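Okay, so here's the structure we're looking at.
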Amino acid sequence: MPVDVSEYSKAAVAFVASRTTLLKNPTEVALINLQCKVPARAARALGKDVVQSYHAAEAAKALNAAAAALKRAGANATTRYVVGTVADDLASIVANDRADLIVMGSHGDTGLKKLLLGSVASTVAVACTKPLLILRGAAIPKRDSLKIGIALDGSPYGIAAARFVAEHRDLFGASPLVTLIHVVPDLTKITVPGWIEREVPTGIKPEQVEAMQKAAFENVFKPAHDLLARAGITATEMRLVGQAPSDAIAAQATKSRLDLLAMGSIGFGASRHTVMGSVATRVASRCRTALLLVREK
């Protein structure tokens, strides 16, 4: 967990401390704080010992409180700090860490003109190859059993998200409520970029459309149901129809008041705005639900 003294970071620590079912078992939480370098001229004037004492004191403000909260909850929390930059030092540490999961808080601002996950979270997301849980600006639940949505698209990446939930069930509580979400296209309409959506004749009868959509839902949902069932989780389904999957998923996450939305990832690109590709970028820009981003190896 990268931590600082912000309210978002404190909320993320509180979330982990609330994982009662998870913390019944031995759980290791490695806290890391990043300290920005003191300008070279000032560092020379102050001296090495003074600069080191300053960094240690500032890091302790974030690390000590977080460690104490986690230890009270039953976790084994360790602390360390590094002096450097987010892009180089923190990103490198997170990318090479052997953690099962990276957890961090973020301001969660939406809107395409802003970094969708906050500057630090976006940088970590680009570098991170581990499952990444970003607890965003919305109220973070503290109850043990969570209400989770898993977005599926028929690819191995969505199944990877379902697999993570199944294999790490305790993270989500004793009795998590899991909903599988899939969006199929509306075959009665077509959208051409730059044009208004309009009705088009498809030559397909309504009953044929319904049968095709039903088959598509069942083909996508079945592998996820099988994975979750082996972990003792019975999931419900949310069958959505629309031309913009990201909009439908984001709207459903908000409408259903999900505590967490899990999505698979093909990997982050060079741009910090291409988080998980276009669908996840748009989802992140349209809702403030906590996001669990899982890579497929």
Side-chain angles (χ1 to χ4, degrees), residues 1-19 22-23 27-36 58-59 61-70 73 75 77-82 84-110 114-142 146 148 161 164 168 171-172 259-263 265 267-268 272-273 275-276 280-281 283-285 287-295:
M1 293 191 68
V3 296
D4 54 27
V5 295
S6 70
E7 293 303 313
Y8 312 111
S9 185
K10 293 175 183 177
V13 170
F15 171 80
V16 175
S18 72
R19 304 294 84 222
L22 175 70
L23 298 178
T27 305
E28 304 285 336
V29 182
L31 299 168
I32 183 169
N33 174 257
L34 177 74
Q35 289 293 307
C36 295
E58 290 299 303
K61 294 177 182 178
L63 293 171
N64 290 353
L70 291 168
T78 60
T79 63
R80 61 173 167 154
Y81 73 91
V82 294
T85 64
V86 172
D88 295 327
D89 300 271
L90 182 59
S92 176
I93 288 170
V94 169
N96 293 294
D97 199 282
R98 297 182 63 185
D100 301 299
L101 176 68
I102 308 298
V103 181
M104 62 189 305
S106 173
H107 60 64
D109 285 337
T110 58
K114 300 179 180 179
L115 285 174
L116 301 178
L117 304 174
S119 59
V120 176
S122 293
T123 301
V124 171
V126 171
C128 186
T129 58
K130 309 295 188 302
L132 173 65
L133 174 57
I134 302 176
L135 297 156
R136 306 172 74 209
I140 295 173
K142 295 183 176 63
L146 301 180
I148 308 165
F164 183 90
H168 300 274
L171 174 65
F172 309 101
D259 296 320
L260 185 152
L261 178 63
M263 303 182 72
S265 169
F268 303 123
R272 293 176 186 176
H273 295 278
V275 179
M276 260 190 60
T281 298
V283 169
S285 73
C287 71
R288 302 179 75 189
T289 305
L291 294 177
L292 171 62
L293 308 179
V294 181
R295 303 289 184 88

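Treat the numbers as computed from the prediction; the structure is a model and nothing was measured.
The shortest heavy-atom contact between Ala12 and Met104 is CB-C, 4.0 Å. Residues Arg98 and Lys130 come closest through the heavy atom pair CA-CE, 4.5 Å. In terms of heavy-atom proximity, Ala69 sits nearest to Ala17 at O-CB, 4.2 Å. The minimum heavy-atom distance between Arg19 and Phe172, with the atom names listed, is NH1-C, 3.9 Å. Closest non-hydrogen pair, Pro141 versus Phe15, comes out as O-CD1, 3.5 Å.
The shortest side-chain heavy-atom distance between Val3 and Thr79 does not fall under the 4.5 Å cut-off.
One distance of note links CG of Leu146 with OG of Ser18; it measures 7.0 Å at 0.5 Å rounding. With values rounded to the nearest 0.5 angstrom, Ile102 atom CD1 is found 12.0 Å from Leu292 atom CG. Atom CG of residue Asn64 and atom CG of residue Leu31 lie 10.0 Å apart, to the nearest 0.5 angstrom. From Leu171, atom CG reaches atom CG of Leu23 across 9.5 Å, with rounding to the nearest 0.5 Å. Taken from CG in Asp4 to NZ in Lys61, the straight-line distance is 12.5 Å, to the nearest 0.5 Å. We find the CG-OG1 distance between Leu22 and Thr27 to be 4.0 Å, quoted to the nearest 0.5 Å.
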Exercise. Test Leu70 against Val13 for side chain to side chain contact (heavy atoms under 4.5 Å, CB included), laying out the working first.
Key: CA-CA 7 Å; Leu70 291 168; Val13 170; 4.0 Å; yes
Practice problem: Evaluate the side chain to side chain contact (heavy atoms under 4.5 Å, CB included) criterion for residues Val29 and Val103: first the C-alpha distance (whole Å), next the side-chain angles of each, then the deciding distance (0.1 Å), finally the verdict. | Solution: CA-CA 10 Å; Val29 182; Val103 181; over 6 Å; no
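Listed by chain and number, the residues in a ring pair (Phe, Tyr, Trp, His ring centres under 6.0 Å) with Phe164 are His168 (sequence neighbours excluded). In this view, Thr78 satisfies the side chain to side chain donor-acceptor pair (under 3.5 Å) rule with no residue, not counting sequence neighbours.
Without hydrogens or angle criteria, Asp259 side chain to Ile148 main chain gives no donor-acceptor distance under 3.5 Å.
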